[in-house]
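Have a look at the structure below, then the notes.
The figures that follow rest on heavy atoms only: side chains count, while hydrogens, waters and symmetry mates do not.
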Amino acid sequence: MCEMFERFMWFKQSEGLAPRTIEEYRIHFQWLLDYLEQDLLGEQMTLDVFLGWADFMLNEKGLQPTAVNIRVRTMRAFVRWCYLDNLIDTPIHERFKPMKTAEDTIEALTVSEIKTLLNAFDESTFVGFRDKVMVMVLLDSMVRISELLAMKRSNVDFKAGVIKLEAMNTKTRKAREVPLSSKTMKLLKEYFIESEDFGEDLLFLIYDGREMVSNTWRTRLHEVAKLTGIKKAVRPHVLRLYSIF
């Protein structure tokens, strides 16, 4: 199965998928391997194996259905490709599907709640200051979390007050420039100074200078929002809906 997956990854890379999307495929496949604790032969790749994995994530790991579905979709694409490429005999993908979930109602944050969230970050720490800058950039630019985490220092134009999104890292595969407020640009300049010792071009990093995983920051945002007492769900895609400065 691991060999099949590497061939699948080569195929997906040839389609021009963004590096972060490719990385998510690899992460989800590794989680599947961790569950199995072994590689599998083609004939061992059965529907029961994949349904068992989904059940494990939902009922033993306690993941939310939406989180399970993200993993199911990537591995479903993998087994579908294996079947269409005649590497397995069973169309597992026809019955290994995301589970139905109730549609979430997105509750808008008020201006007051957004300001409360921004004031909750501990700017005396690198992580707290970084998170506040990231929220400010989201509010200004309305970019996706994947686009935010793919931003580079070299993409920031302080003189023009914009940040460039590279085509390979956008969902539409089109490069674009997004304007940022003077307040956000000022914070970015400070953040540049705080993070320059890492010697990395990637803009937003974890405390030791390594690349950040989207789920890590989603968790951080949720934890900070919980401390504020805000009852509504605070998620990156919700923050994309606002620009208050």
Side-chain angles (χ1 to χ4, degrees), residues 1-104 143-152 165-176 202 210-219 235-237:
M1 186 173 67
C2 289
E3 184 178 345
M4 294 180 195
F5 183 75
E6 289 305 320
R7 291 176 61 181
F8 171 66
M9 284 289 89
W10 174 83
F11 174 76
K12 300 306 287 185
Q13 287 171 329
S14 70
E15 290 185 323
L17 263 65
R20 188 168 296 278
T21 302
I22 293 294
E23 180 62 20
E24 287 181 355
Y25 271 100
R26 292 194 177 279
I27 291 172
H28 297 170
F29 182 67
Q30 185 58 54
W31 284 337
L32 173 61
L33 287 180
D34 291 344
Y35 161 73
L36 295 172
E37 297 183 339
Q38 62 176 332
D39 196 358
L40 298 179
L41 298 173
E43 55 266 28
Q44 294 175 306
M45 294 170 62
T46 65
L47 176 63
D48 285 347
V49 167
F50 289 90
L51 291 180
W53 179 49
D55 180 71
F56 169 77
M57 291 187 289
L58 184 66
N59 296 312
E60 294 193 39
K61 295 291 287 184
L63 298 180
Q64 292 296 317
T66 50
V68 174
N69 283 345
I70 292 172
R71 295 153 176 76
V72 168
R73 288 188 181 95
T74 53
M75 291 302 98
R76 183 171 183 261
F78 168 52
V79 294
R80 180 178 183 275
W81 177 85
C82 289
Y83 176 74
L84 295 177
D85 217 43
N86 297 315
L87 298 177
I88 59 175
D89 298 325
T90 306
I92 296 170
H93 62 282
E94 292 182 359
R95 296 177 61 189
F96 178 53
K97 299 179 179 180
M99 64 190 74
K100 293 183 178 180
T101 60
E103 293 187 11
D104 290 336
V143 296
R144 298 174 176 84
I145 181 64
S146 60
E147 295 171 336
L148 180 75
L149 295 180
M151 289 178 177
K152 298 176 182 177
L165 304 181
E166 298 178 359
M168 65 183 299
N169 294 318
T170 66
K171 188 173 183 179
T172 60
R173 294 296 180 272
K174 294 182 179 179
R176 68 182 191 275
L202 202 61
R210 289 182 290 125
E211 183 177 357
M212 187 186 306
V213 177
S214 59
N215 283 342
T216 299
W217 196 66
R218 286 190 179 94
T219 300
R235 305 166 184 167
H237 70 274

Practice prompt. Would you please test H28 and F78 for side chain to side chain contact (heavy atoms under 4.5 Å, CB included) and show each step?
Written response: CA-CA 11 Å; H28 297 170; F78 168 52; over 6 Å; no
Discussion item. For a side chain to side chain contact (heavy atoms under 4.5 Å, CB included) check, start with the C-alpha distance between L58 and L63, then their side-chain angles and the critical distance, and finish with the verdict.
Written reply: CA-CA 5 Å; L58 184 66; L63 298 180; 6.0 Å; no
Worksheet item: How long is the gap from CE on M75 to CH2 on W53, to the nearest 0.5 Å?
Response: 6.0 Å
Practice prompt. May I ask you to decide if R144's main-chain N or O and E147's side chain share a donor-acceptor pair within less than 3.5 Å?
Written response: yes
Worksheet item: Any idea which heavy atoms bring R95 and L51 closest together, and the distance?
Response: O-CD2, 4.2 Å
Worksheet item: Are the side chain of R76 and the backbone of F96 linked by a donor-acceptor contact shorter than 3.5 Å?
Response: yes
Fill in: Check: M1 main-chain N/O paired with D39 side-chain donor or acceptor under 3.5 Å
yes
Worksheet entry | Taking every non-hydrogen atom, the tightest pair across P98 and V72 | N-CG1, 3.7 Å
Worksheet item: Measuring from S14:OG to M9:CE, what's the distance to the nearest 0.5 Å?
Response: 10.0 Å
Discussion item. Contact between R7 and L87 at the side-chain level, heavy atoms closer than 4.5 Å - yes or no?
Written reply: yes
Item to complete: Could you check if a side-chain atom of F50 sits within less than 4.5 angstrom of a side-chain atom of L32, using non-hydrogen atoms only?
Response: yes
Worksheet item: How about M151 and V143: do any of their side-chain heavy atoms sit closer than 4.5 Å?
Response: yes
Worksheet item: What's the spacing between L202 CG and K152 NZ if we round to 0.5 Å?
Response: 8.0 Å
Fill in: Close side-chain approach of I88 to T90, heavy-atom, < 4.5 Å
no
Worksheet item: Salt bridge check: are E24 and R71 linked by an N-O gap of less than 4.0 Å?
Response: no
Worksheet item: Once you round to the nearest 0.5 Å, how far does OG1 of T74 lie from CD1 of I22?
Response: 11.5 Å
Practice prompt. Indicate the ring-plane relationship of F8 and F5, choosing parallel, tilted or perpendicular according to the 30° and 60° boundaries.
Written response: tilted
Fill in: L40 vs V49 side-chain heavy atoms within contact, under 4.5 Å
yes
Discussion item. Is it true that, when you exclude Q64 itself, more than 12 heavy atoms of the residues, nucleotides or ligands shown sit nearer than 6.0 Å to its CD?
Written reply: no
Worksheet item: If every non-hydrogen atom of I145 is compared with every non-hydrogen atom of S214, which pair is closest and at what distance?
Response: CG1-CB, 4.2 Å
Practice prompt. Determine, for E94 against R80, whether the closest basic-nitrogen to carboxylate-oxygen distance falls under 4.0 angstrom.
Written response: no
Worksheet item: Are E15 and K12 close enough for a salt bridge, meaning some N to O gap below 4.0 Å?
Response: yes
Worksheet item: If you round to the nearest 0.5 Å, how far is CG of L165 from CZ of R176?
Response: 4.5 Å
Worksheet, complete the sentence: For G42 and M4, the nearest pair of non-hydrogen atoms, with its separation, is CA-CE, 3.6 Å
Worksheet entry | Worked verdict on Q30 versus Y35 for side chain to side chain contact (heavy atoms under 4.5 Å, CB included) | CA-CA 9 Å; Q30 185 58 54; Y35 161 73; over 6 Å; no
Worksheet item: Would you say Q44's side chain and L41's backbone share a donor-acceptor pair under 3.5 angstrom?
Response: yes
Worksheet entry | Heavy-atom neighbours of Q38 CD exceed 12 at 6.0 Å | yes
Practice prompt. Test D89 against Y83 for side chain to side chain contact (heavy atoms under 4.5 Å, CB included), laying out the working first.
Written response: CA-CA 6 Å; D89 298 325; Y83 176 74; 6.0 Å; no
Worksheet item: Which value, rounded to the nearest 0.5 Å, describes the distance between L149 atom CG and T216 atom OG1?
Response: 9.0 Å
